[in-house]
Number of protein chains: 2
Amino acid sequence: MSKHSGALKELRAKGCRLTPQRLLILEAIAEGSAHMGVDEVFRRARESYPYLDVATVYRTLRLFRELGVVTEVGIADRLHFELTDPAARHHHMVCKVCGSAFDLSPYYLEQFRETLSREFGFEPDLGNFTVTGTCVRCGSRKELRGPIGN
Amino acid sequence: MSKHSGALKELRAKGCRLTPQRLLILEAIAEGSAHMGVDEVFRRARESYPYLDVATVYRTLRLFRELGVVTEVGIADRLHFELTDPAARHHHMVCKVCGSAFDLSPYYLEQFRETLSREFGFEPDLGNFTVTGTCVRCGSRKELRGPIGN
DNA sequence: GTACATGCAAACGGTTTGCATATCT
DNA sequence: AGATATGCAAACCGTTTGCATGTAC
């Protein structure tokens with residue numbers, strides 16, 4: 001029972017066709033690193049089927065997002081997706097120096113969410129939540145340059 | 001003493017030229033609404049000087065950002081800027097339904113920031129912080145549709 | 001057989017760049 | 001005078017779309 005068998009059921013249920021391209025893209029996302037860029041998904045999937053077109057990847061990812069199979073992640077200025085996993089919902093910290101993305105447990109956001117909801121009636125979309133900043137490594141690297149290098 | 005006199009000093013100090021275009025763009029940002037898109041800045045500034053080119057706006061905004069005169073805001077998929085005001089630093093909540101952006105006082109983020117810093121050594125870049133979600137109006141509008149409309 | 005998905009190529013929109021000209025200092 | 005900023009046009013890059021062909025059902 002693979003990680004994405006539920007996704008296949010979802011496709012059938014909605015009357016969508018199970019094309020080889022869709023399966024490839026699904027596998028690419030399921031097996032690839034977390035929060036993948038479209039180009040990354042494309043490269044991976046194309047390894048198994050060189051005729052695959054970017055347009056298909058975009059269309060498929062949009063379909064998957066609408067079905068709830070993948071989640072869009074607001075990581076950079078380009079689109080990123082990851083397999084939706086309600087049991088392990090998490091968020092991201094993105095280092096703007098080195099570009100790395102780190103997962104962040106929802107635990108750290110519960111209180112924040114509740115506050116926004118209570119005070120402003122604003123329901124944060126935490127499935128798509130990202131904080132940018134500086135990660136430990138890049139932070140310490142900066143310090144090594146010393147106060148002179150600014 | 002206008003809101004942006006400090007900015008002019010900053011420009012001179014860094015040896016940058018005070019061209020009419022730059023002044024116009026600065027004024028457009030200072031007088032316009034918070035977190036303006038590039039096109040909005042462009043339209044406003046061009047009202048006073050129709051020959052103004054978008055490229056100049058982009059170049060100028062980047063310069064201003066590097067000088068710290070404006071702050072880049074990660075509001076949508078396009079670039080947004082606002083006049084940097086250290087005394088009234090704030091963040092944003094963006095409604096993904098209607099697109100409106102609301103200011104969010106740093107008060108609500110202090111604790112969150114401290115936690116990330118302490119636990120992960122991750123220094124969030126809160127000058128560029130944005131939560132997406134659903135605002136009060138769009139949230140209640142959804143409810144009005146009732147449980148049937150899903 | 002028919003509706004839907006794909007590949008291909010071309011369009012699109014925001015942003016950037018090369019270059020000759022104009023302008024600030 | 002000399003360096004730098006501008007306008008213009010064209011490149012760029014990620015993403016989307018139109019259309020004829022192909023394929024899952």
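Each chain gets a letter, A, B and so on, in the order the sequences are listed, and its residues count up from 1.
Atom CG of B/Leu61 is separated from atom C1' of D/dT6 by 15 Å (rounded to the nearest Å). Taking atom CG of B/Leu63 as the reference point, atom P of C/dT16 lies 14 Å away to the nearest angstrom. Rounded to whole Å, the distance from CZ on B/Phe42 to P on D/dT6 is 13 Å. For the pair B/Leu8 CG and C/dT25 P, the computed distance is 11 Å after rounding to whole Å. The interatomic distance linking B/Lys14 (NZ) with D/dT4 (C1') rounds to 17 Å, in whole Å. Nucleotide C/dT25 holds its C1' atom 13 Å from the CZ atom of B/Arg22, rounded to whole Å. In this structure, A/Arg46 atom CZ and C/dC8 atom P are separated by 11 Å, rounded to whole Å. Protein atom CG of B/Leu52 is 16 Å distant from nucleotide atom C1' of D/dA9, rounded to whole Å.
Between A/Glu47 and A/Arg43, no side-chain nitrogen of the basic residue sits less than 4.0 Å from a carboxylate oxygen of the acidic one, so the salt-bridge criterion is not met. With respect to B/Arg62 and B/Glu66, no salt bridge is recorded, no charged nitrogen being found less than 4.0 Å from a carboxylate O.
Checked against side chain to side chain donor-acceptor pair (under 3.5 Å), A/Glu110 has no partners two or more places apart in sequence or in another chain.
Two residues are said to be in side-chain contact when any heavy atoms from C-beta on lie closer than 4.5 Å; B/Phe81 and B/Val73 fail this criterion.
If you check every strand for non-hydrogen atoms under 4.0 Å, B/Tyr49 touches sugar and phosphate atoms only.
When only modelled atom types and interatomic distance are considered, B/Glu40 and B/His35 share no side-chain donor-acceptor pair under 3.5 Å. Side-chain contact, A/Ser117 with A/Glu123: a donor N or O sits under 3.5 Å from an acceptor N or O.
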Notebook entry, point to check: For every nucleotide of nucleotides 15-25 of chain D, 5' to 3': is a protein heavy atom under 4.0 Å from its base (B), only from its sugar-phosphate (S), or from neither (-)?
Noted result: SBBB----BBS
